[in-house]
Every structure is written in C-alpha cells, then in structure tokens.
Amino acid sequence: MKKVLSMLLALSMLLCLLAGCGGGEGGQSGQPSNGGDAAPAERTEPYRLGVLSLGSLTTAFKAATLSLQDMCDAANVELVQVELAGFDDQGFLTTYENMINMGVDGVVAYTFSEGTIRLLADLFEENGVEWFLANRQISDPELKEYVFSKSKFVGNCFCDEQQMAYNVVEQLHKDHGVKNLAVIGLTQGDLNGDLRDKGIAAACEDLDINLLTETRGIATAGDVTNAVEGIITSYPEVDGIFIVGGAITTGALAGANQSLVNHGLSDKVAIGMIDIAAGMSEYMGDGNPLKVVAGGNLVMDYIFAGACMINQSNGVNADQTPYIVNTNMMFVYTPEDAVDYDAYCENTERPLMSGSKWSETLLGKDLTTIQAFSDSFSITEAKALNQ
C-alpha cells in the first residue's frame, strides 16, 4: 500500500512539474503557446499620435498641422489634436496629460519654456508614451543628457536660433544699411528667445551696429504698435526694428507697418522678423515700401517630428538612438519670396506635399536621409513638391 501511495505521489509531482514548465513557456512570452510556434502580437489599431492644436494661434501652426494630418493619413496613423489648456508650464503639462488619458501612443511635444522639458520627460516616461521635442533646442547640457537618457524619448528637431537671429541682423545691415537697431523681444527665460538674443548681440558687435533699446513682454499685435511708437519717438535715429517672434508674429507686421506709415517712416525703417508671417507680400514690393527680412521654419519642424515618430513606430530607427534633426532656416528677402512662401510653405488650405511624396521623401527614411532633405529644403523646393 505504501508503495502504491509513493508511486501516486511521485506521478502527481511529475505532472505538476510538467504543467508548470508548459505554463511558463507560454506565460513568460506573454503569448499563447500555440504548439511552440508563438509569434509576437501585431498592432490591429492605427498608431495614435498626439499633437497640440495651435491653429488658432498662428497660420504657421495651422499649416503645420494640415501637412502633419496629410502625412499621417498617408501612413495610416491617427492624428489626435488636443487644445492647449494654458500658455504657462502647467497648461502644457495638463494638455499632455489629457493626451495620455486619451490613449495616444506617441506625442509631438512643444513648449515655450525649457523648465517644462524635464517634467515632460518624466511624464512620458512614467506613462510609457513615446515623444519627440519639436522646435525647441535644449541648451542646458545636463538637461539634454537627462532627456536623451530616457527610453521613451524619440528625438529633437530645431533651427539654430542663435544663427538665424544673427543672419536676420546681417541681412538688415547688408540689404538696407541698418546701423541703429531696436529689438522687440520675447520675455527673458524663453528657450528660443534667449538664443536669439545672443545672435542679435553677436551680429551687432561684429557689424558695428548700435543696439538702441529692447522691449519685452509683448503679448498682442497692439503691444507691437505701441512699442514701435515708443521706439521711433525716443530714438529718431532708428533705421531697423527686429521683432523677435512669439505668438504675436502674424499680427505684428501689420501693427509695426501702421506705426511707420503714420510717421512717414515706412521707407526709412527696415523690419526684421522671426518667425516668417503669412501675408508679408501685402507690405512689400511696388507701392509698399516697407523693407522686411524674415526667417524661420516652424512648419518643417512639425513635419520632421511627425515623420520621425511614424518611422520609429514602424521600426525604422532600430537601435533606438534619439533622432536629432537640424531644421534648415528659410528666409524671406523679397516680395517674390513672400508670395511663394504663402503659397507653398504656409498654405492653410493645401499641405506641403501629399500622397506618395511623403514616402518618397521622409516616411520610412533613416536620419541621414531626413537630415539631407532638411539641409536642401527651401522655398524653391517647397514649390517643386507642390507641382
């Protein structure tokens, strides 16, 4: 009897051991065993890419989102647009938290402040959401190292803000003889604004340009009008005004132009701008003596960020090394430039390109190919892509 019990006990233990081994083989992989021929689960739903909806802010954001939507459609990606909850750090964080709660797989992130970036890195890492920082260069080396170390960080694209500002001042000096410059700048502490300030200062020093005054805290186009009024009243020698970007760019040119017209100075004071504003051609050319130099490329920053996120989701960036894309700066120097820019780069009715052209240029491409596209991109190239 004892022998029978011993044999039954041993048989029972053997069966349990075999069951445990079999269960472990299927369970450790997270897939059913399926006769030992398990395959990884395939995505059945489209990749969901979150992006801030900022079309009401400037036409550049509206045009960027239109092109991003077209690219996502071509790649079978669902673009999830979410309204910004507020313009301070908490507003950005709340917006991205809303995206995460909506179940996005990845995010094209954008922020006005470098102080928000560490918080974003932690937020996306903790929630397992991939993200790409667009239109913002990380200037703090320690912060950059921290962000780039995160497993969910896909990459970063940006213009060289310092060089772009330098180039605008240089062109104002070269084309229009500017020697006495006033600046309408962003609030100090703005991630891009501080870099632009450095470029302006360097250009003024190199070219022996007098930096007469700096006005900060501009929030509306009306503020620009008032600032220009103050500048031309206090500094009659001014021959150049640099409007250094921000949310007021689109309306700023109209406000500045009106002040100069009121004082009979529209043909005597040149305007430099970041970013490029739609409708510049209205103030340039025959019968419109306003002299404008402008630079930027916000639209392409969004497009490059979206392409890199889509490529990452499709396994193009196999080694997971974060992308870094330097976005080529575009400049408007002439009325013809302004007309073509409106028609082909910042058109809110038609994407930059469409259909198979996304796959021919950016989708499925490695970083080297994307950077080469960026390096050669221009208003002329944008026009060709629309043919």
Side-chain angles (χ1 to χ4, degrees), residues 45-84 92 95-96 98-100 102-111 120 124 129-136 153-159 250 275-276 278 296-314 316-317 323 325-328 330 341-365 367 369-371 373-374 377 381-382 385-386:
E45 298 294 329
Y47 186 86
R48 305 187 77 229
L49 180 64
V51 66
L52 291 177
S53 179
L54 296 173
S56 60
L57 192 60
T58 70
T59 55
F61 281 114
K62 187 174 182 180
T65 307
L66 177 69
S67 287
L68 188 56
Q69 180 67 69
D70 195 272
M71 181 168 60
C72 285
D73 291 344
N76 191 32
V77 168
E78 181 182 351
L79 187 66
V80 180
Q81 300 184 45
V82 180
E83 291 290 336
L84 183 61
F92 278 93
T95 305
Y96 294 123
N98 292 341
M99 287 186 193
I100 291 169
M102 294 169 68
V104 297
D105 300 297
V107 170
V108 171
Y110 175 78
T111 180
L120 293 180
F124 293 126
V129 173
E130 297 174 334
W131 68 294
F132 194 106
L133 181 62
N135 192 235
R136 282 291 178 264
F153 181 67
V154 174
N156 183 204
C157 65
F158 51 85
C159 285
T250 301
D275 302 291
I276 298 172
N297 205 345
L298 175 63
V299 174
M300 292 308 301
D301 270 328
Y302 258 51
I303 290 173
F304 290 143
C308 290
M309 287 295 291
I310 293 169
N311 292 344
Q312 175 92 353
S313 72
N314 289 326
V316 174
N317 188 22
Y323 290 93
V325 182
N326 295 304
T327 309
N328 187 37
M330 292 193 296
Y341 180 83
D342 288 351
Y344 304 110
C345 300
E346 201 168 308
N347 192 322
T348 59
E349 302 296 329
R350 182 176 60 187
L352 178 75
M353 55 181 137
S354 194
S356 62
K357 288 186 178 179
W358 292 114
S359 296
E360 294 168 9
T361 55
L362 297 172
L363 292 179
K365 309 302 183 186
L367 176 58
T369 303
I370 292 173
Q371 185 61 62
F373 179 91
S374 175
F377 189 76
E381 177 68 15
L385 288 169
N386 270 267

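Predicted model only: the values in this text are computed from it and were never measured.
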Sub-3.5 Å donor-acceptor pair from the side chain of [X] to the main-chain atoms of [Y], do we have one?
X: Arg136; Y: Thr111; result: yes
X: Asp70; Y: Pro351; result: no
X: Asn311; Y: Lys365; result: yes
X: Asn314; Y: Val316; result: no
X: Asn156; Y: Leu133; result: yes

Kindly compute the distance separating [atom1] ([X]) from [atom2] ([Y]), expressed to the nearest 0.5 Å.
X: Thr361; Y: Leu352; atom1: OG1; atom2: CG; result: 8.5 Å
X: Phe304; Y: Phe373; atom1: CZ; atom2: CZ; result: 5.5 Å
X: Met330; Y: Glu346; atom1: CE; atom2: CD; result: 8.5 Å

Run the numbers on Ser53 and Thr65 for side-chain contact (heavy atoms from CB on, under 4.5 Å), then give the verdict.
-> CA-CA 8 Å; Ser53 179; Thr65 307; over 6 Å; no
Write down the atom of [X], the atom of [Y], and the distance for their closest heavy-atom approach.
X: Val51; Y: Leu79; answer: CG1-CD1, 3.6 Å
X: Cys345; Y: Ala63; answer: O-CB, 4.4 Å
X: Cys157; Y: Asp301; answer: SG-O, 3.2 Å
X: Val129; Y: Asp105; answer: CG1-O, 3.8 Å
X: Cys72; Y: Ile310; answer: SG-CD1, 4.2 Å
X: Met300; Y: Phe377; answer: CG-CE2, 3.5 Å

Do [X] and [Y] meet the criterion of a side-chain donor-acceptor pair at a distance under 3.5 Å?
X: Tyr323; Y: Gln371; value: no
X: Asn328; Y: Ser374; value: no
X: Arg350; Y: Asn386; value: yes
X: Asn297; Y: Thr327; value: no
X: Tyr47; Y: Glu78; value: no

Compute the ring centroids of Phe132 and Tyr302, then answer whether they are less than 6.0 Å apart.
-> no
